[in-house]
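See below for the structure under consideration.
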Amino acid sequence: MSWAIVDVANFYVSAERLFDPSLRGVPVIVLSNNDGCAVARSEEAKALHVRMGEPVFKIRDRIKRHGIQLRSSNYELYADLNRRFNAVIADHSDLVEIYSIDESFFRLPALANGLGDVGTAHRVREDIARSVGLPTRIGLGPTRTLSKVANALAKATEKVWGGVVDLHDLELRRRLFEHWPVGEVWGIGSALEARLRPLGVKTTADLAALPPAVARDIGTVVLERLVRELGGIECDDFKVAPEPLKATAVTRQFGEPVTALPELREAMARRAARAAEKIRAQGLAASRLIAFAHGSRYKPNPPSASRSARLSPPTNDPRVIVGIAGKMMETMFQPGGVYTKCGVLLEDLSPEGQGQADLFATADPKAPGLLAAMDGLNARYGRNTVILAAQGCGGRSFDTKRSQKSPAWTTRIGEIPVAR
DNA sequence: TCTGGGGTCCTAGGACCC
DNA sequence: TCTGGGGTCCTAGGACCC
């Protein structure tokens, strides 16, 4: 098998630059939700040592001194561009797996010599650059893991090898792995890296040389599979049809800290309603609900609590979910606590109507029609056109901050760019 | 004094990814 | 003053069953 993975360079920044030429050639940072941290950096920003995940308030002086441009994250735009570049990939491949918002695995026609695949990979890059306008890198290899490592190497060697690296060749792997730090390998995080270091496993070559049983001993079966995949043995397959969601979460930091119970209830209701809406859109119902609320972890003694409950029968009815989450918020609330975040998790998701009926609960016969009407109106006239009273009206100070958001250039008729 | 064996299910927590 | 959000997978340990 021949695996390929394409990733978009500094995706969020590249997306922002597409419709705003003033951002080109200057340092740009795209911020996390609530405008808190840097989650994407242009090459110019990286050169100024802005780190991934760095809080914005800590780099205010650099932002000012170097004129670093800030943008809030604009997921509507990124999701649309994701759709577009995947359509281009599909022109070249019969099998595409969307792995994340900025990465997709795909299969290339396996030619006898690897050169054909490299040529195709270059054409995919060129097509995406021409028809979508996004810069990409591509890694090729006989397994998923090897293509991921190749992709990382393509990033590091872009100027030399033009953004495509093929790791089908054993000799090339041997040479490159000796210089590639083990912590850079997909699946090796800081904890595993720290466990591997004292054992003398510092490079990818060291890791690939571990006997699988030893790897399992150091980590789990996950590390064992990783080692096998580095050796060219496939342990993982394409996931073309997206697996049904197993759990979903809606958790948000507050724009401003909250101390009053009525506001906390309202904030919780907004998150719970959104979570219920998400699973309805997938035709799923939840069997377990978890709600939590806490204060800043950078403060001493922040309030922190969570509650969980089984939902029987499984449900996606916002009236039920918002009701329970609201009661949970009441039992968690500590007077005097300064809260900065709350959220709802829905777990044990199953297809709607498939769960075991509850012997003691009678289903509301009107619910399906009511919820379909509500979702229909919100789809047609915009999110939150119809809401539950518990969610409260209008924008509130505790909603997420997004002060620098760019327009939805490609998906809203009122926000398309104007040319003069 | 001596105190089985083999399962399943659930939960919490850790680790990883983007 | 200000520090993101949303997923998956695995394991250990407890509760429970026969």
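No experiment lies behind these values; they were computed from the predicted model shown. Each chain gets a letter, A, B and so on, in the order its sequence line appears, and its residues count up from 1.
- As judged by a 4.0 angstrom heavy-atom cut-off over every strand, A/R225 is placed among residues touching the sugar-phosphate backbone only.
- Residue contacts shown for A/V56 are absent, as no nucleic acid heavy atom lies under 4.0 Å away.
- Within 4.0 Å of A/K239, counting heavy atoms only, lies no atom of the nucleic acid at all.
- A/R402 comes within 4.0 angstrom of nothing in the nucleic acid, heavy atoms only.
- Across A/K148, A/R125, A/R137, a single residue satisfies salt bridge (charged side-chain N to carboxylate O under 4.0 Å, His left out) together with A/D7, and that is A/R137.
- The partner of B/dG5, taking Watson-Crick or G-U wobble pairs whose two distances both stay under 3.5 Å, is C/dC18.
- Within 4.0 Å (heavy atoms only), A/S73 reaches no atom of the nucleic acid at all.
- Sequence order on DNA chain C of the closest nucleotides to A/K299 and A/L245 puts A/K299 first from the 5' end.
- Between A/D348 and A/R310, at least one side-chain nitrogen of the basic residue sits less than 4.0 Å from a carboxylate oxygen of the acidic one, meeting the salt-bridge criterion.
- When heavy atoms are screened at a 4.0 angstrom cut-off, A/V8 is found touching no nucleic acid atom at all.
- Among the heavy atoms of the strands lying under 4.0 Å from A/S190 are primed sugar atoms or P, OP1, OP2 only; no base atom is included.
- Within the nucleic acid shown, A/I101 has no heavy atom closer than 4.0 Å to any nucleic acid atom.
- Among the atoms of the strands shown, none is found under 4.0 Å from any heavy atom of A/K401.
- In this structure, A/W3 has its ring center closer than 6.0 angstrom to the ring center of A/F238.
- Between A/E243 and A/V250, the residue anchored nearer the 5' end of DNA chain C, judged by the nucleotide with its closest heavy atom, is A/V250.
- Counting any heavy atom pair closer than 4.0 Å across all strands shown, A/D102 reaches sugar-phosphate atoms only and no base atom.
- Atom NZ of A/K299 is surrounded by 12 or fewer heavy atoms from other residues, nucleotides or ligands within 6.0 Å.
- Distance CG/A/N316 to CD/A/E352: 4.5 Å, rounded to 0.5 Å.
- On the nucleic acid side, DNA chain B contacts chain A at distances under 4.0 Å to non-hydrogen atoms, with the end points of that region at B/dT11 to B/dC18.
- Relative ring orientation between A/W186 and A/F105 is described as tilted, the plane-to-plane angle lying within the 30° to 60° band.
- Heavy atoms of A/E103 sit under 4.0 angstrom from primed sugar atoms or phosphate atoms, though from no base atom.
- A ring-centre distance under 6.0 Å is found for A/Y12 and A/Y78.
- Nucleic acid contact class of A/R60 (heavy atoms, under 4.0 Å, all strands): none.
- Residue contacts for A/L31: at a heavy-atom cut-off of 4.0 Å it reaches no nucleic acid atom on any strand shown.
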